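The structure displayed is predicted, hence computed values, not measured ones. Residue numbering restarts at 1 for every chain, and letters A, B, ... go by the order of the sequence lines.
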Amino acid sequence: DQQVKQNSPSLSVQEGRISILNCDYTNSMFDYFLWYKKYPAEGPTFLISISSIKDKNEDGRFTVFLNKSAKHLSLHIVPSQPGDSAVYFCAATGGEGNKLVFGAGTILRVKS
Amino acid sequence: KAGVTQTPRYLIKTRGQQVTLSCSPISGHRSVSWYQQTPGQGLQFLFEYFSETQRNKGNFPGRFSGRQFSNSRSEMNVSTLELGDSALYLCASSLALAGEWTGELFFGEGSRLTVL
């Protein structure tokens with residue numbers, strides 16, 4: 001039972017354009033949603049989060065949008081840079097202590 | 001401030017053996033979690049410890065166990081290894097108490113286990 005799904009295994013974007021990564025979830029109890037970025041041979045690092053009471057959170061080039069009725073969130077990166085090339089994991093938490101439920105990840109490649 | 005440290009970084013075992021992985025959290029962090037990452041599966045939650053007590057456990061068989069020491073360092077053990085246990089095992093620490101936590105974890109670089 002995958003509670004958090006990232007349906008696109010990979011995404012390729014030209015440098016300077018917008019990258020949009022998508023994530024769907026099924027559990028209505030989730031109250032925080034997060035995006036983590038992972039480079040090869042490194043652990044995931046926290047990127048940005050959003051509370052379930054908000055619909056948008058912005059941090060520099062990164063914006064996360066939450067659509068609770070559709071149980072969908074997305075991460076927008078604009079402008080995309082080659083250094084953004086990494087695996088992006090969507091994650092959620094809520095009601096089960098300090099536990100994150102992760103999606104399978106999306107590989108983002110930003111071409112220069 | 002030192003990050004989360006995991007040892008060993010790489011190890012190879014054979015089926016039936018057991019393995020112990022170690023994790024030192026960020027100083028002051030009392031919550032330590034373990035995740036298993038396999039290709040196409042994302043990160044799967046194994047367990048979380050806080051002040052030497054297991055607070056939460058994922059859906060893994062009893063062969064997977066862990067513990068936390070009084071200095072917050074944690075170990076996880078996998079007994080009777082199977083080929084499917086080959087994965088990257090990630091340890092993460094956090095500062096916030098349950099109820100205040102908003103999901104931010106600080107991950108180590110992981111221990112890559114290969115089972116032959």
Can you tell me if [X] has over 12 outside heavy atoms packed within less than 6.0 Å of its [atom1]?
| X | atom1 | answer |
| --- | --- | --- |
| Arg109(A) | CZ | no |
| Lys57(B) | NZ | yes |
| Ile53(A) | CD1 | no |
| Arg17(A) | CZ | no |
| Arg15(B) | CZ | no |

Toward chain A, the part of [X] with a non-hydrogen atom under 4.5 Å:
| X | result |
| --- | --- |
| Gln41(B) | backbone |
| Arg112(B) | neither |
| Phe106(B) | neither |
| Leu90(B) | side chain |
| Gln6(B) | neither |

Contact between [X] and [Y] at the side-chain level, heavy atoms closer than 4.5 Å - yes or no?
| X | Y | answer |
| --- | --- | --- |
| Lys38(A) | Leu88(B) | yes |
| Ser49(A) | Thr102(B) | no |
| Leu43(B) | Phe89(A) | yes |

Name the region of [X], side chain, backbone, both or neither, that has any atom closer than 4.5 Å to a heavy atom of chain B.
| X | result |
| --- | --- |
| Phe102(A) | both |
| Leu100(A) | both |
| Phe33(A) | neither |

Worksheet item: Using the benzene-type ring in the case of Trp, are the ring centres of Phe107(B) and Phe46(A) under 6.0 Å apart?
Response: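 No, too far apart.
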Worksheet, complete the sentence: Distance col, row Thr93(A):OG1 vs Glu104(B):CD, nearest 0.5 angstrom, shows 13.0 Å
Worksheet item: Once you round to the nearest 0.5 Å, how far does CZ of Phe47(B) lie from NZ of Lys99(A)?
Response: 13.0 Å
Are [Y] and [X] connected into the same hydrophobic cluster when the rule is that any two of I, L, V, M, F, W, Y join if their side-chain heavy atoms are below 4.5 Å apart?
| X | Y | result |
| --- | --- | --- |
| Phe45(B) | Phe64(B) | no |
| Met76(B) | Leu11(B) | yes |
| Leu21(B) | Ile12(B) | no |
| Val101(A) | Phe60(B) | no |
| Val110(A) | Ile20(A) | no |

Worksheet, complete the sentence: Per-residue tally against chain B (heavy atom, under 4.5 Å) across Cys90(A), Gly105(A), Gly94(A), Pro44(A) peaks at Pro44(A)
Worksheet entry | Among the listed options Asn59(B), Leu105(B), Val4(B), Thr38(B), the residue most often paired with chain A at heavy-atom distances under 4.5 Å | Leu105(B)
